[in-house]
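The next block holds one structure in the form of structure tokens; read it before the comments.
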Amino acid sequence: MTLTVYNTLTRSKSTFQTIEENKVRMYCCGITVYDYCHLGHARTCLVWDVVRRYLEWSGYEVNYIQNFTDIDDKILNRASQEGTSMEVVSKKYIEAYFEDMERLGVGKANAYPRATHTLDGIKRLVYELEQKGFAYPAEGDVYYSVQKFPEYGKLSGRKLEDMQAGASGRVEAEDPEASKKQYPFDFALWKAAKEGEPAWESPWGNGRPGWHIECSAMVRERLGETIDIHVGGGDLTFPHHENEIAQSEAVTGQPLANYWLHNGMIIVEGKKMSKSLGNFTTIRELLDKYDPMAVRLFILQAQYRKPVDFNQQALAGATNAWETLKEGLLFGYQYGKKLGFATSLDASLYDKELIGRFKDAVDDDFNFAGGLAILFEIAKNLEKEGNIIVHEGENKTSKEELEQQWQTLIHLATILGFKANSEENNNHPNGLSDADINALVQQRLDARKNKDYAQGDRIRDELQGQGITLIDKPGGVTIWNRG
RNA sequence: GGCGACAUAGCCAAGUGGUAAGGCCGUGGAUUGCAAAUCCAUUAUCCCCCAGUUCGAAUCUGGGUGUCGCCUCCA
């Protein structure tokens with residue numbers, strides 16, 4: 001099967017074909033850096049990170065660019081609230097962004113261009129749009145004339161007449177720039193400087209870029225006139241991406257992107273998680289409570305385009321599911337030596353049938369949930385076989401097959417960004433020594449022989465509190481393992 | 001008001017014409033002094049409703065109902 005993707009532009013799935021053979025130019029609309037990231041941002045970053053990994057695994061060389069929008073009203077507001085500058089605010093939240101993504105295990109993009117570093121490209125685009133008659137100046141601002149671009153609305157599937165019929169009252173009443181616009185849905189490419197705000201020189205006077213234009217400029221500068229994949233949150237489809245298309249395509253006459261992919265929103269109690277509703281959980285709050293890998297699993301279990309409901313129950317479920325997957329991933333590190341196989345990865349050992357099934361699932365519009373079923377199938381078996389080893393039973397799967405399954409599981413998990421810490425389980429710096437534990441276990445056995453179950457249970461609870469699980473086997477034998 | 005998406009067990013969720021993946025939770029049994037851990041087994045006669053197409057539909061068509069998103073900043 002070949003990779004098929006759902007394209008917002010055509011509202012249908014189609015076979016994925018790149019412009020240049022085996023190369024993908026991919027752009028993700030990143031964040032505006034005025035606050036800590038929340039779970040919604042995590043979903044976007046996680047999903048497109050895994051898509052990137054999957055494309056690379058599929059044999060493409062991916063040039064993945066994600067921007068930071070670091071000029072914006074919200075950043076300026078935050079700066080004045082905190083009595084500081086735009087630069088200080090954006091620096092703080094860019095650093096926070098990288099910390100959060102590191103914890104989530106999101107890979108680095110190839111570059112993170114910033115609006116403030118792209119002023120020449122932005123001004124050049126605005127100038128060209130003006131020259132070609134798509135833009136007009138008004139009192140130091142410059143606006144894009146949407147009526148000049150016949151295809152305006154093609155991405156989000158709307159018509160100017162319909163928009164006007166629906167929203168005209170509100171638009172005119174609430175838009176302070178309305179009086180400068182020739183048409184209500186025209187949008188600002190360049191905004192005249194306001195007192196005390198950062199500003200750059202331009203042919204239209206001192207000012208700063210509008211929202212949208214920076215992405216058109218950064219795509220052009222970093223990836224060229226037409227790219228393969230443009231991604232972002234579904235809420236950016238309109239107006240942000242629609243406006244990017246209008247800006248870029250009016251200038252170049254070429255499609256901005258061949259494939260437009262959008263991820264679904266995070267829902268909380270039936271409502272979208274968003275800043276304006278205040279119903280968001282920041283990534284750092286979230287990671288204080290949940291394992292980053294459980295969060296990743298929670299996100300990847302849902303089809304990327306569908307809304308996902310965030311609630312305690314779902315996260316708890318994902319946490320338990322991750323425990324299962326982790327058991328499978330740790331199998332080789334825990335029992336490989338005992339079984340006589342190496343823990344270094346060896347592609348020749350991968351199970352082609354399992355990998356083929358994984359690929360068939362995921363090739364269908366990045367159906368990660370379908371792919372995960374394969375991982376669980378393997379992990380469940382390895383977990384079971386690992387337990388048999390701990391309980392000193394007979395393995396049902398041959399050593400060769402176990403090694404093959406484990407190698408395959410690690411390989412597939414890596415594509416999806418799952419990683420279990422193999423150190424974790426061997427580290428018990430402040431814990432009891434093996435001798436201490438054995439002594440306590442013997443004490444408990446003695447107590448039980450004397451029917452002093454209270455004492456026996458006390459020792460058991462004490463050890464459990466240290467993460468040591470006792471297993472009473474038939475015949476009065478007790479073995480133990482570190483949780 | 002306009003545009004769009006979705007509706008599968010207690011929860012999450014895959015499946016897009018051939019008779020319901022997977023995960024979580026739960027249940028029964030084995031084991032145990034009781035537990036824990038583990039093992040074995042088990043959990044939708046049916047896919048929001050109605051009508052139609054078809055030998056056959058969760059899957060296609062038409063009509064409802066419901067939920068959500070975008071139309072203003074938003075991942």
Side-chain angles (χ1 to χ4, degrees), chain A residues 8 11 13 28-32 34 37-48 72-74 153 156-159 161-171 174-175 185 211 231-240 242 262-267 270-277 280 297-298 301-303 305-309 311-325 357 361 364 367-377 379-380 383-384 386-388 390-391 393 396 448 451-453 456-457 460-461 463-464 469-474 479-481 483:
Chain A
T8 306
R11 298 192 183 281
K13 285 186 197 174
C28 175
C29 277
I31 55 164
T32 301
Y34 71 104
C37 287
H38 59 61
L39 182 53
H41 301 106
R43 184 180 193 192
T44 296
C45 296
L46 232 25
V47 162
W48 303 121
D72 176 85
D73 287 338
K74 290 190 294 298
S156 54
R158 59 194 79 209
K159 300 187 182 90
E161 313 86 77
D162 295 339
M163 288 166 60
Q164 200 163 19
S168 58
R170 183 177 52 194
V171 167
E174 293 180 10
D175 183 357
F185 298 103
W211 187 40
V231 304
D235 53 355
L236 294 182
T237 309
F238 189 90
H240 186 57
E242 194 70 69
H262 293 96
N263 62 279
M265 301 290 100
I266 297 278
I267 306 294
K271 290 286 166 203
K272 177 184 155 189
M273 179 176 285
S274 72
K275 294 281 182 171
S276 48
L277 292 175
F280 60 90
L297 191 55
F298 169 69
Q301 270 184 329
Q303 215 286 336
R305 283 188 280 125
K306 287 190 183 179
V308 165
D309 203 332
N311 58 65
Q312 302 289 339
Q313 199 181 10
L315 256 295
T319 300
N320 289 338
W322 164 241
E323 288 299 322
T324 298
L325 197 51
R357 283 169 56 203
D364 181 10
N367 181 0
F368 298 123
L372 275 168
I374 314 293
L375 303 229
F376 275 101
E377 197 178 298
K380 280 271 176 180
E383 184 187 38
K384 191 172 74 180
N387 287 326
I388 288 172
V390 169
H391 287 255
K396 293 174 181 169
R448 289 172 70 215
K451 305 266 189 230
D452 185 359
Y453 294 120
D457 291 352
R460 181 173 67 197
D461 292 345
L463 286 169
Q464 188 66 60
T469 301
L470 301 187
I471 301 166
D472 292 332
K473 294 170 64 71
I479 60 173
W480 55 269
N481 67 73

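In the text below, chain A, chain B and the rest are named by the order of the sequence lines, each starting its count at 1.
Residue-level contact check: Gly30(A) touches the backbone only, with heavy atoms under 4.0 Å from sugar-phosphate atoms and none from bases. Among the protein residues, Ser276(A) comes within range of the nucleic acid bases, having at least one heavy atom under 4.0 Å from a base atom. Among the atoms of the strands shown, base atoms are found under 4.0 Å from some heavy atom of Tyr453(A). No contact: Gly456(A) has no heavy atom under 4.0 Å from any strand. Nucleic acid contact for His262(A): none, since no nucleic acid atom lies under 4.0 Å from a heavy atom of the residue.
Judged purely by atom type and a 3.5 angstrom limit, Asp364(A) has no side-chain atom pairing as donor or acceptor with the backbone of Asn367(A). With Lys473(A) contributing its side chain and His391(A) its backbone, the two residues share a donor-acceptor pair below 3.5 Å. A side-chain donor-acceptor contact under 3.5 Å links Glu242(A) to the backbone of Ser156(A).
Using a 4.0 Å cut-off, no side-chain N or O of Asn320(A) falls inside it from OP1 or OP2 of G23(B). Phosphate proximity of C39(B) to Asn387(A): present, with a side-chain N or O under 4.0 Å from OP1 or OP2. At the phosphate of C39(B), neither OP1 nor OP2 sits under 4.0 Å from any side-chain N or O atom of Lys380(A). Taking only side-chain nitrogens and oxygens, Thr324(A) comes nearer than 4.0 Å to OP1 or OP2 of C24(B). Remark: Lys272(A) is in phosphate contact with C70(B), judged by side-chain N or O atoms under 4.0 Å from OP1 or OP2.
Legend: residues meeting salt bridge (charged side-chain N to carboxylate O under 4.0 Å, His left out) with Arg158(A), ordered by chain and number and at least two apart, are absent. Taking Lys384(A) as the reference, Asn381(A) meet the side-chain contact (heavy atoms from CB on, under 4.5 Å) condition, with sequence neighbours excluded. In this structure Thr319(A) satisfies the side-chain contact (heavy atoms from CB on, under 4.5 Å) test together with Tyr290(A), Ala294(A), sequence neighbours excluded. Residues that satisfy the salt bridge (charged side-chain N to carboxylate O under 4.0 Å, His left out) test with Lys396(A), not counting sequence neighbours, are absent from this structure. Taking the side-chain contact (heavy atoms from CB on, under 4.5 Å) definition, one finds that Asp452(A) meets it with Ala447(A), Ala454(A), Gln455(A), sequence neighbours left out. The salt bridge (charged side-chain N to carboxylate O under 4.0 Å, His left out) test applied to Asp73(A) returns Lys191(A), Arg208(A), not counting sequence neighbours. Residues satisfying the side-chain contact (heavy atoms from CB on, under 4.5 Å) test with Val308(A), not counting sequence neighbours, are Arg43(A), Ile266(A), Phe298(A), Ala302(A).
Checking C47(B) for Watson-Crick or G-U wobble geometry (two distances, each under 3.5 Å) identifies no partner in any strand. With both pairing distances under 3.5 Å, U72(B) is matched to nothing as a Watson-Crick or G-U wobble pair. Pairing of G66(B), defined by two Watson-Crick or G-U wobble distances under 3.5 Å, is identified with C6(B). The nucleotide A20(B) finds no pairing partner, because no Watson-Crick or G-U wobble arrangement with both distances shorter than 3.5 Å includes it. Nucleotide G28(B): paired with C40(B) (Watson-Crick or G-U wobble, both distances less than 3.5 Å). When both pairing distances are held under 3.5 Å, A14(B) makes no Watson-Crick or G-U pair with any nucleotide shown.
Where Arg357(A) and Gly157(A) meet RNA chain B, the nucleotide closest to each residue was compared, and Gly157(A) sits on the side nearer the 5' end. If Arg460(A) and Gly40(A) are placed on RNA chain B by their nearest nucleotide, the residue sitting closer to the 5' end is Arg460(A).
For Gln464(A), whose side chain is taken as the heavy atoms from C-beta onward, the closest listed nucleotide among A75(B), A36(B), G2(B) is A36(B). Among A75(B), G22(B), C34(B), the nucleotide with an atom closest to any side-chain atom of Phe376(A) is G22(B). Of the candidates A75(B), G2(B), C24(B), the closest approach to any side-chain atom of Arg158(A) belongs to G2(B). Closest to the side chain of Thr469(A), out of A75(B), C68(B), A37(B), is A37(B).
Taking atom P on both nucleotides, A21(B) is separated from U43(B) by 11 Å, rounded to a whole Å.
Residues Thr32(A) and Asp72(A) have side chains that never bring a donor and an acceptor to within less than 3.5 angstrom of each other.
Atoms CE (Met273(A)) and P (C70(B)) sit 14 Å apart, rounded to a whole Å. One atom, CZ of Arg11(A), and another, C1' of A5(B), lie 9 Å apart when rounded to the nearest Å. Distance Asp452(A) CG to C34(B) P: 17 Å, rounded to the nearest Å.
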Between the protein and nucleotides 40-42 of chain B, list every N/O to N/O distance that falls short of 3.5 Å.
residue	atom	partner	partner atom	Å
C40(B)	OP1	Lys384(A)	NZ	3.4

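Counting distance only, with no hydrogens placed and no angle test, the side-chain atoms of Asp472(A) and the base atoms of A35(B) include a donor-acceptor pair under 3.5 Å. The base of G33(B) sits with one of its N or O atoms less than 3.5 Å from a complementary donor or acceptor on the side chain of Asp457(A).
Taking the ring axis of Phe280(A) as reference, the NZ or CZ atom of Lys272(A) does not stay both within 45° of it and closer than 6.0 Å to the ring centre.
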Can you give one letter per nucleotide of nucleotides 11-17 of chain B, going 5' to 3': B for a protein heavy atom under 4.0 Å from the base, S for sugar-phosphate only, - for none?
S-SSS--

